[in-house]
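Here's the structure, in structure tokens; my notes come after.
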Amino acid sequence: MGVITSRRATLLLFVLLQMSVCETTEYLEDNCGESIVSYGGRLESQRYATYRNNFQCDVILEAPNEEYKLIIQYDYIDLEYFDDTSCVDYIEIRDGDSYSSNLLLRDCTQDAVEGYYYELTSHKVMVRMVTDESITSRGFSLTFTAVTFNHSDCTNDGMFDCGNDYCIINDLTCDGIDNCANNQDEIDNNKNCPVVGPDIDKPDRDRGVNIATDAVTTVLISLMATYWFEW
Ligand SMILES: [Ca+2]
Ligand SMILES: [Ca+2]
């Protein structure tokens with residue numbers, strides 16, 4: 001095994017930075033006590049397969065301005081419970097940014113909430129997770145989206161009309177996440193999206209970008225592998 005030289009360490013750091021640039025999902029455990037200000041995205045409990053024991057953490061998800069309201073959709077909730085009725089570990093969702101804000105959910109299984117979503121009255125939501133000293137599980141994954149109900153906004157550049165009273169920013173279309181709560185931002189009648197299917201169905205412009213990106217990535221990896229062994 002070779003020694004990790006400073007140049008190799010720099011190369012590793014470069015690779016890790018490239019990976020982080022591609023990251024779109026936020027993780028609760030990385031943002032304890034923080035606010036995540038965004039027009040939309042995905043929040044998951046942790047990066048790894050299972051969550052931590054003895055864990056208490058909350059984050060505030062916040063739309064960039066107060067004209068927006070947040071909607072929350074659950075992908076899954078899978079935390080330890082006892083006897084099918086009592087949550088041992090749990091997630092809390094509050095309609096606002098404090099512990100006194102209206103409690104929307106305190107739960108540990110997705111049975112009651114699968115496919116369900118909340119429409120908040122504010123532009124902030126507190127997400128909190130509490131676990132005990134043993135037994136972990138998969139955790140949770142949710143999607144949050146800032147929406148406006150003003151239909152004149154939908155016609156503005158940079159906005160997308162979901163067709164269900166929601167307008168979202170255009171950047172949230174065609175990203176593989178159902179931000180509209182009816183999937184209109186992801187299906188092919190959205191003029192911005194390629195037809196759902198393999199790459200061959202995508203517009204030439206997107207295929208060209210993908211091919212170019214793949215080529216650059218391949219060259220970079222080849223160069224890095226070469227330098228690694230030469231050092
Ligand atoms: Ca537990
Ligand atoms: Ca989307």
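Just so it is clear, the structure is predicted and the values come from calculations on it, not from any experiment. For ligands, and for the atoms within them, numbers begin at 1 and follow the listed sequence.
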How far does [atom1] of [X] sit from [atom2] of [Y], to the nearest 0.5 angstrom?
{"X": "Asn182", "Y": "Tyr166", "atom1": "CG", "atom2": "OH", "result": "9.0 Å"}
{"X": "Asp185", "Y": "Asp171", "atom1": "CG", "atom2": "CG", "result": "12.0 Å"}
{"X": "Ser141", "Y": "Glu44", "atom1": "OG", "atom2": "CD", "result": "4.0 Å"}
{"X": "Leu104", "Y": "Leu120", "atom1": "CG", "atom2": "CG", "result": "5.5 Å"}

In terms of SG positions, are Cys162 and Cys167 separated by less than 2.5 Å?
no

For the Ca ion (ligand 2), state how many protein N, O or S atoms fall inside a distance shorter than 3.0 Å.
6

Tell me whether Phe149 at atom CZ has more than 12 heavy atoms from other residues, nucleotides or ligands lying less than 6.0 Å away.
yes

Take atom CG of Asp157 as the centre, draw a 6.0 Å sphere, and report whether it contains more than 12 heavy atoms from other residues, nucleotides or ligands.
no

So, are Arg47 and Asp30 salt-bridged, with charged N and O less than 4.0 Å apart?
yes

Keeping to distances under 3.0 Å, can you name the protein N/O/S atoms close to the Ca ion (ligand 1)?
Glu80 OE1, Asp89 OD1, Asp89 OD2, Asp132 OD1, Ser134 O, Ile135 O

Centres of the Tyr68 and Tyr39 rings: under 6.0 Å?
yes

